[in-house]
Amino acid sequence: MENKILGLHHITAIAGDPQRNHHFYTRILGLRMVKKTVNFDDPQTYHLYYADEVGTPGTLLTFFPWPGVKQGRTGTGMATEIGYSVPLGSLDFWKRRFEENEISHQHIGERFGEKFLLFRDPDGLLLSLVETKHQDNRIGWVTNEISSDVSIKGFHSVTLTLGNIKETAEVLTGVFGYTQVEKDGNIYRHKTDHTENAAIVDLLESPGAPRGINAGGTNHHVAFRVKDEQVLMAFREKVQAKGLHITEKIDRKYFFSLYFREPGGVLFEIATDHPGMAVDEPVEKLGTSLKLPEQYEPMRDRIEAVLPELEVEV
Ligand code: ZN
């Protein structure tokens, strides 16, 4: 049995208007919405998943969109940048696309020997596109406007901002099997060898920075990937052995999860590969209709009545 963390599973953030969020991630970025469901802890809120064709772990960015949500504040104790891997030579295309669509972005820069382009979604969430040093063989979703030679392949990295990186780094290295591989200024790059892609966690040390406030335009949690429930429960013991509080196993329908807050303040989740996004609808139909877990199916009419309008653009 492979008792390994296999990189990132998904990242979950908070948005405002669901239609605007959907338009940005599917039309502008060309990701596929692979699931339209509700927040299982708050079924009057959508939970939208954007990913590759089938919703492979390591490509999944998910949102809780709350219309009118107040703006959050980026700061310590949260994930503050989501890095996506794109094909070599594609950043010029993306820069032009952001200019044409008036998407807030910066100049193409270089970090850890890789060209990258920072940009913000309509809620102010910070993301980057990275031309990776290593060969990334994942196939991105293709749309009318986004061809395979430029399409987003999935996660490259996530950046966590911390007042002090020490204890977070200890969880990554001591529990999750990551290694600190490089350092650039106050960014400490951690990587796992147990997966090719979505393998990087950058720790940005920012002493004295204000604590982040989790609301619109900020990340809610970062989920790490494991193969199955047996490995999941092995990690539950490892986290507990560190003296950290961790939840019971929770059935999220598309995966099984555990949650704990790492000592630096970031909410971590560990999630399984199975059952996956195709458990309740075929791959060709992913994301096209509202899916509810069994416990909410009897309330479908009421839930649909209070959810905001969301026209799925396909
Ligand atoms: Zn999650």
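Both ligands and their constituent atoms are indexed starting at 1 by order of listing. These values consider heavy atoms only, across backbone and side chains, with no hydrogens, waters or symmetry-generated copies.
Note on ring orientation: taking the six-membered ring where Trp is involved, the planes of Phe176 and Phe260 are perpendicular (angle over 60°, cut-offs 30° and 60°).
In summary, of the residues considered (Lys227, Lys4, Arg225), a salt bridge (Lys or Arg N to Asp or Glu O under 4.0 Å) with Asp273 occurs for Arg225 alone.
Under 2.8 Å from the Zn ion (ligand 1) lies no N/O/S atom of His220, from backbone or side chain alike. Within the 2.8 Å limit, His10 places at least one N, O or S atom next to the Zn ion (ligand 1).
The atom of Glu269 that is an N, O or S and sits closest to the Zn ion (ligand 1) is OE1.
When all heavy atoms of Gly264 and Arg211 are compared, the closest pair comes out as O-NH1, 4.2 Å.
Between the side chain of Asp228 and the backbone N or O of Gln230, at least one donor-acceptor pair lies under 3.5 Å.
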